[in-house]
K.L.:
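Sharing a structure here in structure tokens format.
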Amino acid sequence: MTNQNLAQLLEETADLLEIDCGDSFRIRSYRRAAEAVAQSTVAIASLVDTPEQLLEIPGIGKGMAANLQAAVRDQSIPLRDELLARYSSRILELLQLPGMGPKTVRMLWDAAQIASIDALEAAIQDGRLSGLPRMGDKQLAKLLKGIQDYRKSSGRFRIDHVEAAWQALETYLSAFPGVERVTAAGSLRRGRETAGDLDILVTGPACEPGATAPLVETVAQYPGIRDLIARGDNKISFYLQNSLQVDVRLLPASSYGAALQYFTGSKSHNVALRQRALRMGYTLNEWALARVEDGSVVAAATEEQIYAALGLDWIPPELRENMGEIEAAQAHSLPHLITLQHLRGDLHMHTQATDGHHSIEEMSEAALARGYGYIAITDHSKNLAMTNGLNEERAVQQIARIRAVDRSFAGRIRVFAGIEVDILADGTLDLPDAVLAQMPIVIASVHTGLQMPRDAMTERVLRAIENPCVRILGHATGRLLLRREPYELDLTTVLRRCAELGVAIEHNAAPERLDLCDRDLRLALELGCRLVINTDAHDTRHLDKMHFGISQLRRAWVEPAMVLNTLEAEEFLAALRPRPATPAHNPEEVTT
DNA sequence: GCCGTTTTCGGCCCGACTGTTTTCAGTCG
């Protein structure tokens, strides 16, 4: 049982307690414990036999320790089971709908015994909910739309969750004698935001025809398997505990390239490639590129050989969408895509001053260890009260602390003062310009009122970016992936104005916050926007999420020159929108 | 349910926004 699984059980217990109208402080303590478990760097499951170690974790007391022991032993928590039995095993799915919180779930249960999304949909269509409190036409329409959106996104998994499953399986498979290479194919290799399943290719002596039985048996014994779907000589499929389907394929080294190409996809890329092969007198499948007339193999061992035999440069997996990459590969004009190594700074992170988990020093050290030349500390502003957002006074104190840390690193890494300032409903910011003007990195983001009509939201953001203190627009599209309530605005108008003003567009790299899809990124570049890519890290480990965002940029054909934080510190600052003149001009302070 | 103590109870982040509430409850971050 992983920390993530344990944290989820605690979260679900908290959700159920909330539906059950339990004590709010008890609920909060379950959420705190879930957070502590998720944050822990040691495997909690390995500590359950030594409760004194569990009790050392802040937020874990006697009761939670017992819960964790039960969870590891029985895969559940007694209180959770009890509440699920009292209501319905599916009642928690209702909380996934936008605008649906515990109070409403409870009201629906009391009024009509509704305890699943299907039941809710039926009840709305029957008109059984009319007349219930807070269930007007608008609310019902919103719920129906939410149900549609939920059905669309369910069945797909966020890419970081898939990657976590992949890393565990890679470790497991690589340890088997006779396994030489373990590679992820499919959506994970192409850097998509989500994946429907996980494709894994394995090659080495243990995968040669006739020799696969011991390895197949070992795969079938993988501890994370919930249900085995199929088990053959060179393919084994199963569901993990979280219902993610995994396909493991064992391949002879001679076919590895062909299989990797085939299982990486995308479907439309492969169709186009096979058509091209046919025109050249070849046939392409998961075993080899071969001549049609006699079946003789032209290329199979590596992807490079296959693409070369088709008269193409090797195409990076992220580009394989049949969106012009085949033509570009033929003309030797594929883009030189951005990589993680091009990045010199990460400009959006939170600390203990608001809702982050580490100090300014710890975030700086972590960034230094990852090879960055500069970062910005950008905690929340006061409007995000729940995060203990900074008011005027605390913001000014925070600037002083950041500058002190910057000096203490003596140039090994630059630490810029910044803030993620909230855009209010009327487009003003929740901190005065006098404070904002003291910080080189001001990211303006919308956090509240996400249901605002499209025109009003557009006006709101347009007004915010007119403020000369704003140098970066954060969460620019509100297309928060697989999240509830994406907000809508006229993105073209906003991006065009950002380009005119020199306001950079932030691409948020964290998979749970991916703001810009491929199309949005291409639009931003077409309109002449400058991009920055940030992790929005709330702890040091979040800094490692950068590669997810880099994949997004690569999928949009982004080259390093299009992204401002590939520049060195001084050039980066100079490339941002010019800062408003500050009365007390101190050259040293202006850049720190 | 956790925590800390000026220890064994009393405190435990809060403000903006929405819809339908005719004065505010529920959701969200």
Side-chain angles (χ1 to χ4, degrees), chain A residues 10-11 13-37 51 54-68 70 77-80 94-108 110 129-143 146 350 352-357 379-391 394 420-431 445-453 456-457 460 474-475 478 480 483-487 508 510 512-513 536 538:
Chain A
L10 292 169
E11 278 289 349
T13 310
D15 288 340
L16 288 163
L17 273 172
E18 225 171 339
I19 292 168
D20 198 49
C21 304
D23 173 56
S24 65
F25 296 110
R26 189 181 178 203
I27 293 163
R28 189 182 301 165
S29 73
Y30 273 88
R31 297 207 193 282
R32 276 194 66 205
E35 175 77 8
V37 167
L54 282 180
L55 293 173
E56 278 174 24
I57 301 169
I60 308 288
K62 268 187 170 171
M64 284 302 161
N67 280 331
L68 290 169
I77 293 170
L79 179 58
R80 173 177 172 275
L94 285 170
L95 291 173
Q96 298 303 312
L97 300 175
M100 179 73 77
K103 292 281 171 16
T104 312
V105 170
R106 178 56 186 259
M107 189 268 294
L108 291 171
D110 286 341
L129 299 190
S130 316
L132 289 181
R134 295 183 309 282
M135 287 289 152
D137 291 345
K138 255 185 168 172
Q139 182 68 13
L140 293 178
K142 194 166 120 181
L143 284 174
H350 300 270
Q352 289 157 342
T354 59
D355 60 348
H357 292 98
D379 273 302
H380 289 291
S381 55
K382 64 182 176 184
N383 197 29
L384 265 69
M386 186 212 178
T387 69
N388 190 25
L390 304 175
N391 60 19
R394 290 178 60 223
E420 181 180 20
V421 64
D422 191 48
I423 302 176
L424 298 170
D426 64 358
T428 59
L429 306 175
D430 72 333
L431 285 179
S445 301
V446 169
H447 291 102
T448 60
L450 305 183
Q451 306 86 342
M452 190 175 261
M457 184 62 85
R460 174 181 181 177
H475 302 315
L480 306 181
R483 299 267 304 269
R484 318 194 220 166
E485 301 271 13
Y487 63 84
N508 204 315
E512 66 274 25
R513 294 193 177 82
D536 195 356
H538 285 66

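Every heavy atom of this structure was used, including side-chain atoms; hydrogens, water molecules and symmetry mates were not. Here is the naming used below: chain letters follow the sequence lines, and residue numbers restart at 1 for every chain.
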K.L.:
Parallel under 30°, tilted from 30 to 60°, perpendicular over 60°: which one fits the rings of A:His475 and A:His447?
P.N.:
perpendicular
K.L.:
From the set B:dG26, B:dC3, B:dG29, return the single nucleotide nearest to any side-chain atom of A:His447.
P.N.:
B:dG29
K.L.:
When you measure from the side chain of A:Thr104, which nucleotide among B:dT18, B:dG15, B:dG26 comes out closest?
P.N.:
B:dG26
K.L.:
Could you check whether any side-chain N or O of A:Arg134 sits under 3.5 Å from a backbone N or O of A:Gln139, counting only pairs where one atom can act as donor and the other as acceptor?
P.N.:
no
K.L.:
Please report the distance, rounded to the nearest Å, between CD in A:Glu18 and C1' in B:dT27.
P.N.:
10 Å
K.L.:
Select base, sugar-phosphate, or nothing to describe what A:Lys382 touches, counting heavy atoms under 4.0 Å on all strands.
P.N.:
nothing
K.L.:
Does A:Asp430 use its side chain to pair, donor to acceptor, with the backbone of A:Asn383 at less than 3.5 Å?
P.N.:
yes
K.L.:
Select one nucleotide: of B:dA16, B:dC13, B:dT18, the one nearest the side-chain heavy atoms of A:Met386.
P.N.:
B:dC13
K.L.:
Specify the separation, in whole Å, of atom NZ of A:Lys142 and atom P of B:dG26.
P.N.:
14 Å
K.L.:
Which of these nucleotides, B:dC14, B:dG19, B:dT27, is closest to any side-chain atom of A:Ala385?
P.N.:
B:dC14
K.L.:
Select base, sugar-phosphate, or nothing to describe what A:Asn388 touches, counting heavy atoms under 4.0 Å on all strands.
P.N.:
nothing
K.L.:
What is the distance from OH of A:Tyr30 to P of B:dC2, rounded to the nearest Å?
P.N.:
8 Å
K.L.:
Of the nucleotides B:dC12, B:dA16, B:dA25, which one has an atom closest to the side chain of A:Phe25?
P.N.:
B:dC12
K.L.:
Which is more 5' along DNA chain B, the nucleotide nearest A:Val105 or the one nearest A:Thr387? Just name the residue.
P.N.:
A:Thr387
K.L.:
May I ask you to say whether A:Asp15 pairs ionically with A:Arg31, meaning some side-chain N is under 4.0 Å from a carboxylate O?
P.N.:
yes
K.L.:
If you only use heavy atoms from C-beta on, which nucleotide in B:dT27, B:dC12, B:dC2 is closest to the side chain of A:Arg28?
P.N.:
B:dC12
K.L.:
Nearest to the side chain of A:Pro102, heavy atoms from C-beta on, is which of B:dG15, B:dT27, B:dC12?
P.N.:
B:dT27
K.L.:
Please give, in whole Å, the distance from B:dT18 C1' to A:Arg460 CZ?
P.N.:
13 Å
K.L.:
If I pick the C1' atom on B:dC12 and the same atom on B:dT5, what distance separates them, to the nearest angstrom?
P.N.:
14 Å
K.L.:
Can you tell me the Watson-Crick or wobble partner of B:dC12, both distances under 3.5 angstrom?
P.N.:
B:dG1
K.L.:
Rounded to whole angstroms, how far apart are CD on A:Glu56 and P on B:dC3?
P.N.:
12 Å
K.L.:
Taking B:dC13 as the reference, what is the distance to B:dC2 when you measure between their C1' atoms (whole Å, please)?
P.N.:
16 Å
K.L.:
Using whole Å, what does the distance between atom P of nucleotide B:dG29 and atom CG of A:Leu390 come to?
P.N.:
20 Å
K.L.:
The test is side chain to side chain contact (heavy atoms under 4.5 Å, CB included); show your working for A:Leu68 and A:Leu54 and say whether it passes.
P.N.:
CA-CA 9 Å; A:Leu68 290 169; A:Leu54 282 180; 4.1 Å; yes
K.L.:
In this structure, which one of A:His538, A:Glu35, A:His350 forms a side-chain hydrogen bond (donor to acceptor under 3.5 Å, both in side chains) with A:His357?
P.N.:
A:Glu35
K.L.:
Using the C1' atom as the reference point in each nucleotide, state the distance between B:dG15 and B:dT22 in Å, no decimals.
P.N.:
23 Å
K.L.:
By nearest heavy atom, map A:Leu424 and A:Pro58 onto DNA chain B; which one lands nearer the 5' end?
P.N.:
A:Pro58
K.L.:
With rounding to the closest Å, how many angstrom separate the C1' atoms on B:dT20 and B:dC24?
P.N.:
10 Å
K.L.:
Counting any heavy atom closer than 4.0 Å, what does A:Ile27 reach on the DNA or RNA strands: base, sugar-phosphate only, or nothing?
P.N.:
nothing
K.L.:
Taking it one step at a time, do A:Thr387 and A:Asp355 satisfy side chain to side chain donor-acceptor pair (under 3.5 Å)?
P.N.:
CA-CA 5 Å; A:Thr387 69; A:Asp355 60 348; 5.0 Å; no
K.L.:
Could you give the distance separating B:dT7 and B:dG11 at their P atoms, to the nearest angstrom?
P.N.:
14 Å
K.L.:
If you check every side-chain atom of A:Arg26, which of B:dG1, B:dG26, B:dA16 has the closest atom?
P.N.:
B:dG1
K.L.:
Counting side-chain heavy atoms from C-beta on, which of B:dG26, B:dT20, B:dC17 comes nearest to A:Ala425?
P.N.:
B:dC17
K.L.:
Tell me the interatomic distance from A:Arg32, atom CZ, to B:dC13, atom C1', rounded to whole angstroms.
P.N.:
11 Å
K.L.:
State whether A:Ser29 places a side-chain N or O below 4.0 Å from either non-bridging phosphate oxygen (OP1 or OP2) of B:dC3.
P.N.:
no
K.L.:
Please classify the nucleic acid contact of A:Asp422 as base, sugar-phosphate, or nothing, using heavy-atom distances under 4.0 Å.
P.N.:
nothing
K.L.:
Rounding to the closest angstrom, what is the interatomic distance between B:dA16 and B:dC9 at atom P?
P.N.:
38 Å
K.L.:
Over how many whole Å does the gap from A:Gln96 atom CD to B:dT27 atom P extend?
P.N.:
14 Å
K.L.:
Where the side chain of A:Gln139 is concerned, which of B:dG1, B:dG19, B:dG15 is the nearest nucleotide?
P.N.:
B:dG19
